[in-house]
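Okay, structure first, notes after.
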Amino acid sequence: MSFDNLCKLLSEKHPDRFASWVLGTPQTGATVLKTELSIEPIRADYVTFLQLEGRILHLEFQTKLESTPPLPLRMLDYWVRLYRLYRLPITQVVVLLLPPKDDIEIPTAFTVENTRHEYRVIKMWEENPEPFLQDSALLPLASLTATNQPQNLLEKIVQRVNQVETTQRPEISAYTQILAGLKFKKDLIRKLFREGMMRESVIYQEILEEGEQRGEQRGRQEGRQEGERSLVLRQLTRKVGELPPGMGEQLQTLSLQQLENLGEALLDFNTLLDLETWLANK
């Protein structure tokens, strides 16, 4: 899934929340309109059309400015097609996820002779991060907002993700990590999300305490290794279900470093086959 398309998915899952953010006023009852427009049908892959009270909101998500046809012409084309179909006022907003290279000018209008058509542009890198941190629907976009301390912002995002309702957390975490990949290195994202998940886990704290107690008797290294093994086993059970006895025995032979590596890798596991493949290649 592309970054633009992920934003489209989020805006269609939470139309009221996205409309409220973009328009700056609370919106309720927003409904998603079809993306295929009349005349020569075109399907707008990365846009969302929302039906508001007496108005259409057109959201266009862009990772980069370059496109064919050019963005200003596309915005005019969408406006004409939408107005022809619905005969309602239309607010058009381009959401730019990343700043353009070489500080080139960002167009906000299509202009040819006597024709001029304007639209708004939201630059994510200039947006205040707080509203995104406070709203779980917008949280996946938070890593793209303004900050002088990017890693600190990412750490705050991880903390906020871990406060989301348990049933929604895996999905929001996945979306957040994908969009964070536009600005942050993959290894840092994995590290912070894994550490954040463990810090928020009461079970993990209990495991650490158990490991420390055993460490006093059997040595700190052994206690840490036992705690890591217990954590990995519990995480694996939640991700892929109960482990076959033979596979559990294999985990008992892993070193502390291997257990830590497995703790990071299992975040991407979906089935037992993923674990089998990892063990075969460790």
Side-chain angles (χ1 to χ4, degrees), residues 1-35 44-63 78 82 90-99 119-147 150-184 189-190 192-194 196-197 200 267:
M1 178 183 295
S2 72
F3 299 110
D4 301 334
N5 218 10
L6 175 54
C7 292
K8 167 183 164 61
L9 170 65
L10 289 170
S11 63
E12 291 185 349
K13 285 172 67 71
H14 309 285
D16 289 346
R17 315 265 271 283
F18 270 72
S20 297
W21 159 49
V22 168
L23 298 176
T25 57
Q27 301 291 326
T28 58
T31 57
V32 179
L33 301 177
K34 65 181 182 179
T35 58
D45 291 333
Y46 311 128
V47 305
T48 299
F49 302 132
L50 302 180
Q51 173 83 63
L52 306 177
E53 185 176 353
R55 178 171 294 275
I56 302 293
L57 173 60
H58 165 201
L59 293 177
E60 171 90 18
F61 299 98
Q62 290 287 130
T63 304
Y78 289 141
L82 284 167
I90 302 164
T91 297
Q92 291 184 294
V93 181
V94 175
V95 181
L96 282 181
L97 304 183
L98 292 176
Y119 50 88
R120 279 181 57 202
V121 174
I122 290 179
K123 305 170 185 176
M124 285 302 305
W125 60 95
E126 295 181 356
E127 289 289 292
N128 179 359
E130 287 306 317
F132 296 85
L133 292 170
Q134 300 305 317
D135 189 333
S136 60
L138 301 176
L139 185 56
L141 292 166
S143 64
L144 306 179
T145 57
T147 179
Q151 184 165 330
N152 287 348
L153 174 61
L154 189 57
E155 290 172 352
K156 288 183 181 179
I157 293 168
V158 172
Q159 294 173 4
R160 182 66 186 93
V161 168
N162 286 321
Q163 295 169 1
V164 172
E165 184 181 342
T166 304
T167 55
Q168 300 177 347
R169 191 180 306 154
E171 182 179 83
I172 292 175
S173 177
Y175 294 155
T176 303
Q177 291 182 62
I178 290 171
L179 288 175
L182 282 168
K183 281 181 59 175
F184 298 91
I189 296 171
R190 286 179 177 274
L192 292 181
F193 271 83
R194 179 171 180 263
M197 176 188 67
E200 294 296 323
L267 296 175

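Because the structure is a prediction, the values reported are computed rather than measured.
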Name all residues meeting the side-chain hydrogen bond (donor to acceptor under 3.5 Å, both in side chains) criterion together with [X]; count only those two or more places apart in sequence or in a different chain, and write none if there are none.
X	result
Arg55	Thr91
Ser20	none
Thr167	Glu165

Would you tell me whether Asp4 and Thr63 have side-chain atoms, one donor and one acceptor, within less than 3.5 Å of each other? yes
Can you list everything that forms a side-chain contact (heavy atoms from CB on, under 4.5 Å) with [X]? Sequence neighbours excluded, please.
X	result
Thr147	Gln149, Pro150, Leu153, Lys183
Ser143	Ile157, Ala180, Phe184
Thr31	Gln51

Got a second to check how far [X]'s [atom1] is from [Y]'s [atom2], nearest 0.5 Å?
X	Y	atom1	atom2	result
Tyr78	Ile90	OH	CD1	13.0 Å
Ile122	Leu96	CD1	CG	9.5 Å
Leu133	Thr145	CG	OG1	6.5 Å
Leu182	Leu98	CG	CG	5.0 Å
Leu10	Leu141	CG	CG	6.5 Å
Glu60	Cys7	CD	SG	11.5 Å

Is Arg120 reaching over with its side chain to a backbone N or O of Val95, donor-acceptor style, under 3.5 angstrom?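 Here the side-chain-to-backbone pair does not exist.
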Report the C-alpha distance between Leu179 and Leu6 in whole Å, list the side-chain angles of each, state the deciding distance to 0.1 Å, and finish with yes or no for side chain to side chain contact (heavy atoms under 4.5 Å, CB included). CA-CA 8 Å; Leu179 288 175; Leu6 175 54; 3.7 Å; yes
Should Lys13 and Glu171 count as an ion pair when the cut-off is N to O under 4.0 Å?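 So Lys13 pairs with Glu171 through a salt bridge.
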Listed partners of Arg169 passing salt bridge (charged side-chain N to carboxylate O under 4.0 Å, His left out), at least two apart: none
Under the salt bridge (charged side-chain N to carboxylate O under 4.0 Å, His left out) test, residues paired with Arg17 that sit two or more places apart: Asp135
Determine whether Val94 and Leu59 satisfy the following criterion, side chain to side chain contact (heavy atoms under 4.5 Å, CB included), listing intermediate values before the conclusion. CA-CA 6 Å; Val94 175; Leu59 293 177; over 6 Å; no
Give the intermediate values and the outcome of side chain to side chain contact (heavy atoms under 4.5 Å, CB included) for residues Gln27 and Leu52. CA-CA 8 Å; Gln27 301 291 326; Leu52 306 177; 4.1 Å; yes
Taking salt bridge (Lys or Arg N to Asp or Glu O under 4.0 Å) as the cut-off, I'd like each qualifying pair that reaches into residues 19-29, sequence neighbours left out, listed once. none
Please name all residues satisfying ring pair (Phe, Tyr, Trp, His ring centres under 6.0 Å) with His14, sequence neighbours left out, ordered by chain then number. none
Do the side chains of Lys156 and Asn152 get nearer than 4.5 Å, heavy atoms only?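 Contact flag for Asn152/Lys156 side chains = no.
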Heavy-atom side-chain contact between Val161 and Gln177 under 4.5 Å: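 With C-beta onward as the side chain, the pair stays apart.
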What verdict does the side chain to side chain contact (heavy atoms under 4.5 Å, CB included) test give for Phe132 and Leu139, after you've listed the backbone C-alpha separation in whole Å, the side-chain angles of each residue and the deciding distance to 0.1 Å? CA-CA 5 Å; Phe132 296 85; Leu139 185 56; 5.8 Å; no
Residues 123-131, side-chain donor-acceptor partners within the protein, below 3.5 Å, at least two apart:
residue: Glu127; atom: OE1; partner: Trp21; partner atom: NE1; Å: 3.1
residue: Asn128; atom: OD1; partner: Glu130; partner atom: N; Å: 3.0

